[in-house]
Amino acid sequence: MSISGIQGLPLEITVVGCYNLDDKEWISRQDPYVCLEYGSTKYRTKTCTDGGKNPTFQEKFVLPLIEGLRELNVVVWNSHTLTPDEFIGSGRIQLHKALSQGFDDAAWPLQSKTGRHSGEIRLILHYSSATNQSKAKLAPIPAPNYATPSSGMSQVLPPHQQAPPTPYPPTPAYTAPSPYAAYPAPPQPLAYPPTGSAPPAGYPPLSQAYPPPPPPAAVYPPTPYPPPTYYPPGPPSGIYPPPPY
């Protein structure tokens with residue numbers, strides 16, 4: 001689940017105790033206490049007098065979370081009366097599991113200044129906002145309430161069975177006027193050949209044979225024109241002198 005949006009939300013930390021701490025005392029038992037550091041916030045447990053290597057604290061702290069900061073530092077000290085307190089070990093606590101699941105109970109390792117293992121510390125982390133967000137996401141969605149039919153009233157159908165509403169009044173279709181004048185329709189083409197007209201004459205005419213007959217043969221040589229005359233002229237034809245009437 002998402003762990004964003006945690007700024008200022010509370011995180012409960014219970015310091016249970018420490019186990020197998022390095023012993024800094026030779027004669028008496030050591031007096032450990034724990035410091036928590038988260039951003040600029042610091043908390044300190046009470047000193048467990050004569051706690052030795054396995055002190056018990058059982059103290060709870062509530063710190064405001066900081067967006068983007070997923071780590072908590074812990075430091076264990078040995079309390080002294082006349083001399084400065086002595087460092088026992090430190091560790092880094094990851095908050096991812098607590099922020100995502102709402103709860104984390106684990107023992108975390110501690111290291112000395114030289115990086116050597118110096119014991120363990122047990123913390124219980126509780127993030128209540130993660131539980132509330134999970135419940136909100138898992139909550140069932142209530143079913144819508146529909147009106148039950150009664151006498152004298154029409155039955156109310158579920159939304160998926162109702163017909164879509166008809167707009168009132170109906171919106172007329174709007175056609176924008178054209179700024180150009182209407183162009184006349186082109187004339188319809190005439191049927192060819194026109195209906196009722198005589199079929200066109202064939203070419204060449206059917207009455208004329210093809211190829212045409214040859215012209216009549218001319219007499220050769222042709223008759224001269226005008227006809228030739230002979231000189232002296234011959235005697236006239238017929239009886240001369242002509243008989244009397």
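- Between L72 and L11, every side-chain heavy-atom pair lies at or beyond the 4.5 Å cut-off.
- Residues G39 and L69 approach most closely at N-CD2, 3.7 Å, considering heavy atoms.
- Side-chain contact check for C35 versus V74: every heavy-atom pair is 4.5 Å or farther apart.
- Residues F87 and K113 form a side-chain contact, since some pair of their non-hydrogen atoms from C-beta on lies under 4.5 Å apart.
- Counting heavy-atom neighbours within 6.0 Å of R44 CZ, excluding the residue itself, gives a total above 12.
- Residues C18 and V34 form a side-chain contact, since some pair of their non-hydrogen atoms from C-beta on lies under 4.5 Å apart.
- Counting only residues at least two apart or in different chains, side-chain hydrogen bond (donor to acceptor under 3.5 Å, both in side chains) contacts with residues 31-43 comprise Y33-D85.
- Residues C48 and F57 come closest through the heavy atom pair CB-CE2, 3.8 Å.
- A 4.5 Å side-chain heavy-atom check between I93 and L123 finds at least one atom pair inside the cut-off.
- Between T14 and L125, the closest side-chain pair of non-hydrogen atoms is not below 4.5 Å.
- Hydrophobic clustering (ILVMFWY, side-chain heavy atoms < 4.5 Å, transitive): W77 and V16 are in distinct clusters.
- Counted by atom type alone, Q30 and H80 present zero donor-acceptor pairs between their side chains at under 3.5 Å.
- Every pair passing salt bridge (charged side-chain N to carboxylate O under 4.0 Å, His left out) that includes a residue from residues 94-106 is listed here, sequence neighbours excluded: K97-D104, D105-R122.
- Nearest approach of S118 to G89, heavy atoms of both residues: OG-CA, 3.5 Å.
- Between R116 and D22, at least one side-chain N (NZ, or NE/NH1/NH2) sits under 4.0 Å from a carboxylate O, which counts as a salt bridge.
- Counting only N and O atoms by type, the side chains of E120 and N20 include no donor and acceptor under 3.5 Å apart.
- Judged as a side-chain hydrogen bond (donor to acceptor under 3.5 Å, both in side chains), the pairs with a partner in residues 52-73 (not counting sequence neighbours) are, in order, E71-Q94.
- Linking Ile, Leu, Val, Met, Phe, Trp and Tyr residues whenever their side-chain heavy atoms come within less than 4.5 Å places L63 and L95 in a single cluster.
- Residues I6 and Y127 share a closest heavy-atom pair of CG2-OH, 3.5 Å.
- The shortest non-hydrogen separation linking P55 to L21 is CD-CD1, 3.7 Å.
- Both L9 and I66 are assigned to one and the same hydrophobic cluster, defined by single-linkage of ILVMFWY side chains at heavy-atom distances under 4.5 Å.
- In the hydrophobic clustering of ILVMFWY residues, with side-chain heavy atoms under 4.5 Å counting as a link, W108 and V75 come out apart.
- Under 3.5 Å, the side chains of S112 and T114 contain a donor-acceptor pair of N or O atoms.
- Of all heavy-atom pairs between G91 and L110, the closest is N-CD2, 3.8 Å.
- Here the CD1 atom belonging to I88 is positioned 10.5 Å from the CD1 atom belonging to I121, to the nearest 0.5 angstrom.
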